[in-house]
Amino acid sequence: MLANYKKSRDAAWELLLRHRVKTLPVDLEEICRKENLSLFPYSENVKNMETLGLTKHAEGNDAFCLSNGMIFYNDRQNDGRIRFSIAHEIGHLVLHTDRVTLYNREPAETDDPKETEANM
């Protein structure tokens, strides 16, 4: 399966238009609120991740999300990386409803096409 640029582009535009985004930078926290997605920084959720059995998901990943709309992210990264990671996870939740747990790390040539689509 190849990554689908048009699918990713169209989904991004639909999201931005649906929420009447007209200026940059996009307020990702507002998009999450409007999409009923919840943001959880790693540093404030260590116990929650342990209780939910999600600690391994955080190891080596800048962010991950669950299909119920929970986005966990590494808040020790720089602001640009945090923004990219949250946007990437929003991309997964908009594009790939068939996956339960999704990951976010530096792109690699061997990535699943769904990772490439979320990056787009």
Side-chain angles (χ1 to χ4, degrees):
M1 179 177 120
L2 295 174
N4 188 332
Y5 170 77
K6 184 179 181 317
K7 174 183 170 185
S8 300
R9 181 204 60 206
D10 291 352
W13 275 111
E14 287 172 18
L15 183 71
L16 295 173
L17 291 169
R18 180 168 58 246
H19 297 296
R20 297 187 172 111
V21 174
K22 296 178 182 177
T23 60
L24 297 176
V26 174
D27 184 339
L28 296 175
E29 289 182 21
E30 182 178 345
I31 293 289
C32 286
R33 274 192 302 278
K34 289 179 176 179
E35 289 290 311
N36 295 313
L37 307 175
S38 303
L39 295 172
F40 298 95
Y42 286 0
S43 67
E44 297 174 18
N45 289 280
V46 173
K47 290 286 185 197
N48 291 335
M49 288 190 294
E50 287 174 359
T51 301
L52 296 169
L54 300 172
T55 306
K56 286 189 177 186
H57 297 298
E59 294 172 8
N61 291 299
D62 295 330
F64 65 94
C65 63
L66 305 178
S67 60
N68 65 2
M70 298 172 75
I71 298 173
F72 293 84
Y73 66 95
N74 184 348
D75 52 319
R76 290 193 168 96
Q77 297 290 327
N78 66 59
D79 289 344
R81 185 64 197 180
I82 290 170
R83 284 185 55 74
F84 175 83
S85 297
I86 291 170
H88 175 96
E89 297 309 324
I90 292 169
H92 273 304
L93 291 166
V94 169
L95 291 164
H96 309 129
T97 58
D98 61 326
R99 295 178 72 177
V100 176
T101 303
L102 311 164
Y103 307 97
N104 186 325
R105 56 172 169 59
E106 287 298 317
E109 287 184 23
T110 57
D111 279 348
D112 180 318
K114 290 181 179 184
E115 292 300 321
T116 304
E117 288 174 353
N119 285 340
M120 289 183 221

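Leu95 approaches Ser8 most closely through the heavy-atom pair CD1-OG, 3.9 Å. Nearest heavy atom pair, residue His57 against residue Tyr42, reads O-OH, 4.3 Å. Residues Ser67 and Leu93 come closest through the heavy atom pair CA-CD2, 4.2 Å.
Taking hydrophobic clusters as Ile, Leu, Val, Met, Phe, Trp and Tyr residues chained together by side-chain heavy-atom distances below 4.5 Å, Ile71 shares a cluster with Leu16. Side-chain heavy atoms closer than 4.5 Å link hydrophobic residues (I, L, V, M, F, W, Y) into clusters, and following such links, possibly through other members, connects Leu15 to Leu24.
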- Task: Check the pair Arg81, Asp62 against side chain to side chain contact (heavy atoms under 4.5 Å, CB included), reporting the backbone distance first and the verdict last.
- Result: CA-CA 8 Å; Arg81 185 64 197 180; Asp62 295 330; 2.7 Å; yes
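By the 4.5 Å heavy-atom criterion applied to side chains, Asn45 and Leu54 are not counted as neighbours. Side-chain contact between Pro25 and Arg83: present, with at least one pair of heavy atoms (C-beta onward) separated by less than 4.5 Å. Looking at Glu35 and His19, their side chains come closer than 4.5 Å, going by heavy atoms from C-beta outward. Here the side chains of Leu52 and Leu66 are not in contact, with every heavy-atom distance at 4.5 Å or above. Using a 4.5 Å cut-off on side-chain heavy atoms (C-beta onward), Asn74 and Ser85 make no contact. With contacts defined as side-chain heavy-atom distances shorter than 4.5 Å, the pair Val26/Leu28 qualifies.
Rounding to the nearest 0.5 angstrom, the gap separating the CD atom in Gln77 from the CD1 atom in Ile82 is 7.0 Å. Taking CZ from Phe84 and CD from Glu89, the interatomic distance works out to 9.0 Å, rounded to the nearest 0.5 Å. If you take NZ on Lys56 and CE on Met49, they are separated by 14.5 Å, rounding to the nearest 0.5 Å. Of the inter-residue distances, the one linking Ile90 atom CD1 with Cys65 atom SG reads 9.5 Å to the nearest 0.5 angstrom.
Here side chain to side chain donor-acceptor pair (under 3.5 Å) pairs that include residues 20-33, with residues two or more places apart or in two chains, are Glu30-Lys34.
One N or O on the side chain of Glu117 and one on the backbone of Asn4 form a donor-acceptor pair closer than 3.5 Å.
Note: His92 and His88 have perpendicular aromatic rings, judged against thresholds of 30 and 60 degrees for the angle between ring planes.
The number of heavy-atom neighbours closer than 6.0 Å to CZ of Arg76, taken from other residues, nucleotides and ligands shown, is 12 or below. The environment of CG in Asn78 is crowded: more than 12 heavy-atom neighbours from other residues, nucleotides or ligands sit within 6.0 Å.
Under the ring-ring contact (aromatic ring centres under 6.0 Å, His included) criterion, Phe40 pairs with Phe72, not counting sequence neighbours. With sequence neighbours left out, the ring-ring contact (aromatic ring centres under 6.0 Å, His included) criterion links Tyr73 to no other residue.
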